[in-house]
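One structure is given below, encoded as structure tokens.
As the structure lists them, so they are numbered: ligands from 1, and atoms in each ligand from 1.
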Amino acid sequence: MSATRRTALITGITGQDGSYLAELLLDKGYEVHGIVRRSSTISGNSRLDGIYQAPNTPDQTLFLHYGDITDASMLTNIVRDIQPDEVYNLAAQSHVRVSFDIPDYTGNVDALGTIRLLEALRAADCNARFYQASTSELFGSTPPPQNEDTRFHPRSPYAVAKVYSYWAVVNYREAYGLHASNGILFNHESERRGETFVTRKVTRAVARIAAGIQDIVYMGNLNSIRDWGYAPEYVEGMWRMVQQDTPDDYVLATGEGCVIRDFVQVAFEHAGLDWEKHVRHDSRHERPAEVDALIGDASKAKEKLGWEAKTHWRDLAKHMVDADRQLLDDQLSGRHVRPDQD
Ligand code: NAP
Ligand code: G4F
């Protein structure tokens with residue numbers, strides 16, 4: 001290991017953001033350590049295919065460790081062993097509707113998981129800078145535009161747990177002088193987005209309908225508004241927060257709202273399809289309490305971090321449709337292969 005190489009620990013490395021962040025940090029010359037759940041070997045690790053490194057080679061800079069954010073002793077041991085310079089806490093049960101089905105588990109992972117990791121830093125006497133994946137869901141029913149001063153009004157067990165973590169980070173900053181920052185990120189999507197989030201669900205369905213292997217997609221409330229950006233740009237914003245001399249909390253957003261129905265229409269039209277012929281309503285995809293409108297004001301990030309979203313949601317929708325059509329084509333023709341990993 002190089003004496004000057006910085007070391008980062010990422011929880012949630014197999015997720016959308018974790019995989020992009022790992023790539024960014026490896027490009028910047030970091031040694032990257034990621035915590036991987038044993039159960040995610042098949043589902044999540046495919047996002048890391050592009051940066052897979054054979055283990056135990058002299059040039060290895062990516063290290064994956066089995067663990068779980070619910071296992072405090074594991075967290076303390078790994079922090080003690082690798083003494084990271086930076087810790088990015090991205091692990092979460094991140095699906096809002098699912099959090100109504102498993103509220104206890106969501107709180108354990110998304111709220112207490114953060115405290116466990118912060119305590120692991122203290123127990124291991126580690127002065128790492130800390131990034132917390134906070135979310136625009138904190139604002140819930142408070143109307144847009146939302147910025148760092150907007151009142152929180154969470155509308156789901158997921159959001160309630162994330163409010164707890166947000167304040168845990170502020171508290172550890174104030175109580176222990178930890179360099180800990182909250183990134184309050186509005187929705188950000190990509191070809192690596194989980195398949196049950198609305199954008200990816202739609203673009204996957206478009207690809208399958210265009211290929212003639214599906215006809216109908218069942219969806220919930222199409223009237224809500226989201227501020228959708230492109231995920232690789234957002235992980236750059238996370239990194240910039242951690243590089244600041246003083247820890248702080250920042251909103252990352254595009255500043256433009258999109259009604260779900262408009263995203264659906266643009267995605268279907270991009271493949272030459274009429275969405276109204278293929279989309280049906282299913283109340284099972286609705287939430288007991290909806291977040292009607294999220295539109296962020298990221299002026300503080302622009303001023304202090306020099307960060308700005310670049311990709312418009314229309315281009316994002318088309319890009320995701322193209323990527324899903326290509327992926328399906330590769331899968332159907334047998335071209336989609338994965339390297340062996342342990
Ligand atoms: P994601 O794709 O759902 O990834 C979540 C990650 O957390 C996965 O690697 C998952 O591992 C891991 N994880 C789940 N439970 C865990 C546990 N008990 N122990 C350890 N790891 C666990 O989410 P994302 O979209 O990348 O988002 C990253 C973070 O940002 C999350 O905290 C999310 O809540 C937050 N966030 C996301 C957005 C957004 O629009 N994407 C916006 C604001 C905030 P498996 O592979 O094993 O499932
Ligand atoms: O894609 P979604 O499930 O994302 P949601 O609830 O906004 O949460 C995402 O963004 C948050 C940031 O604001 C993150 F913190 C969180 O981890 C996650 O990444 O739903 C978006 C909207 C909702 O209004 C939902 O009711 O789409 C609506 N929707 C309509 N039909 C649907 C569906 N959502 C899903 N997942 N599936 C549907 O069939």
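Polar contact check, Tyr158 against ligand 1: a nitrogen or oxygen pair lies under 3.5 Å apart. Checked against a 3.5 angstrom limit, the closest N/O atoms of Thr14 and ligand 1 fall inside it. Between Gly12 and ligand 1, an N or O atom pair is found at a separation short of 3.5 Å. Residue Leu185 places no N or O, backbone or side chain, under 3.5 Å from any N or O of ligand 1. Taking only nitrogen or oxygen atoms, main chain and side chain alike, Val109 does not reach within less than 3.5 Å of ligand 1.
Less than 4.0 angstrom separates some heavy atom of Gly15 from each of these atoms of ligand 1: 2 (O), 4 (O), 8 (C), 9 (O), 26 (O). In summary, the atoms of ligand 1 found under 4.0 Å from a heavy atom of Tyr105, numbered by their order in the structure, are 15 (N), 18 (N). Using a 4.0 Å cut-off to heavy atoms of Asn187, the atoms of ligand 1 that qualify are 40 (O). Within ligand 1, the atoms closer than 4.0 Å to a non-hydrogen atom of Ala92 are 5 (C), 7 (O), 13 (N), 14 (C), 15 (N), 31 (C), 32 (O), 34 (O), numbered from 1 in the order shown. Atoms of ligand 1 lying under 4.0 Å from at least one heavy atom of Ala133, given by number and element, are 29 (C), 30 (O), 32 (O), 35 (C). The ligand atoms of ligand 1 that sit less than 4.0 angstrom from a heavy atom of Ser134 are 43 (C), 44 (C). When each atom of ligand 1 is checked for a heavy atom of Thr135 under 4.0 Å away, the hits are 43 (C), 44 (C).
Other residues, nucleotides and ligands contribute more than 12 heavy atoms inside 6.0 Å of the NZ atom of Lys28. Around CG of Asp315, the count of heavy atoms belonging to other residues, nucleotides or ligands within 6.0 Å exceeds 12. Around atom CG of Asp104, no more than 12 heavy atoms belonging to other residues, nucleotides or ligands sit under 6.0 Å away.
The closest heavy-atom contact to atom 29 (C) of ligand 1, among the options Ile13, Thr106, Leu252, Leu90, comes from Leu90. The closest heavy-atom contact to atom 26 (O) of ligand 1, among the options Thr199, Asp17, Ile10, comes from Asp17. The closest non-hydrogen atom to atom 22 (C) of ligand 1, taken over Gln93, His95, Arg37, comes from Arg37.
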Could you give the N/O to N/O pairs under 3.5 Å linking ligand 2 and the protein, each with its distance?
| residue | atom | partner | partner atom | Å |
| --- | --- | --- | --- | --- |
| ligand 2 | 1 (O) | Val198 | N | 2.8 |
| ligand 2 | 3 (O) | Arg287 | NH2 | 2.9 |
| ligand 2 | 6 (O) | Arg287 | NH1 | 2.7 |
| ligand 2 | 7 (O) | Asn187 | ND2 | 2.8 |
| ligand 2 | 7 (O) | Arg226 | NE | 2.8 |
| ligand 2 | 10 (O) | Asn187 | ND2 | 3.0 |
| ligand 2 | 13 (O) | Ser136 | OG | 2.6 |
| ligand 2 | 13 (O) | Asn187 | OD1 | 2.7 |
| ligand 2 | 17 (O) | Ser94 | O | 2.7 |
| ligand 2 | 17 (O) | Tyr158 | OH | 2.8 |
| ligand 2 | 19 (O) | Arg193 | NH1 | 3.2 |
| ligand 2 | 19 (O) | Arg193 | NH2 | 2.9 |
| ligand 2 | 20 (O) | Arg287 | NH2 | 3.4 |
| ligand 2 | 24 (O) | Ser224 | OG | 2.6 |
| ligand 2 | 24 (O) | Arg226 | NH2 | 3.2 |
| ligand 2 | 24 (O) | Glu290 | OE1 | 3.1 |
| ligand 2 | 24 (O) | Glu290 | OE2 | 3.0 |
| ligand 2 | 26 (O) | Arg287 | NE | 3.3 |
| ligand 2 | 26 (O) | Glu290 | OE2 | 2.6 |
| ligand 2 | 31 (N) | Gly220 | N | 2.9 |
| ligand 2 | 36 (N) | Thr196 | O | 2.9 |
| ligand 2 | 39 (O) | Lys201 | NZ | 2.8 |

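The aromatic rings of Tyr166 and Phe152 stand perpendicular to each other, their planes meeting at an angle above 60°, with 30° marking the opposite boundary. The aromatic rings of Trp307 and Tyr234 lie perpendicular to each other, with more than 60° between the two planes, well past the 30° mark. Classification of the Tyr131-Tyr88 ring pair by plane angle, with boundaries at 30° and 60°, yields tilted.
Only the side chain of Arg193 comes within contact range of ligand 1, with a heavy atom under 4.0 Å; no backbone atom does. When heavy-atom distances to ligand 1 are checked against a 4.0 Å cut-off, Lys162 comes that close only through its side chain, counted from C-beta outward. Under 4.0 Å from ligand 1, heavy atoms of Gln16 appear from its side chain as well as its backbone.
For Arg151 and Phe139, the positive end is not near the middle of the six-membered ring at less than 6.0 Å and at most 45° from its axis.
No option in Arg226, Arg155, Arg97 other than Arg226 meets the salt bridge (Lys or Arg N to Asp or Glu O under 4.0 Å) test with Glu290.
When only modelled atom types and interatomic distance are considered, Gln244 and Ser181 share no side-chain donor-acceptor pair under 3.5 Å. For the residue pair Gln265 and Glu276, no side-chain donor N or O sits within less than 3.5 Å of a side-chain acceptor on the partner. A donor-acceptor pair shorter than 3.5 Å cannot be found between the side chains of Glu31 and Thr61. His281 and Glu286 share a side-chain donor-acceptor pair at under 3.5 Å. A donor-acceptor contact under 3.5 angstrom links the side chains of Ser19 and Arg192, judged on distance only.
Asp68 counts as a contact of ligand 1, since one of its heavy atoms falls under 4.0 Å from the ligand.
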Item to complete: Mind running salt bridge (Lys or Arg N to Asp or Glu O under 4.0 Å) on Glu119 and Arg122 for me, showing each step along the way?
Response: CA-CA 5 Å; Glu119 279 299 309; Arg122 283 172 19 85; 3.0 Å; yes
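Using a 4.5 Å heavy-atom cutoff, the side chains of Trp228 and His188 are not in contact.
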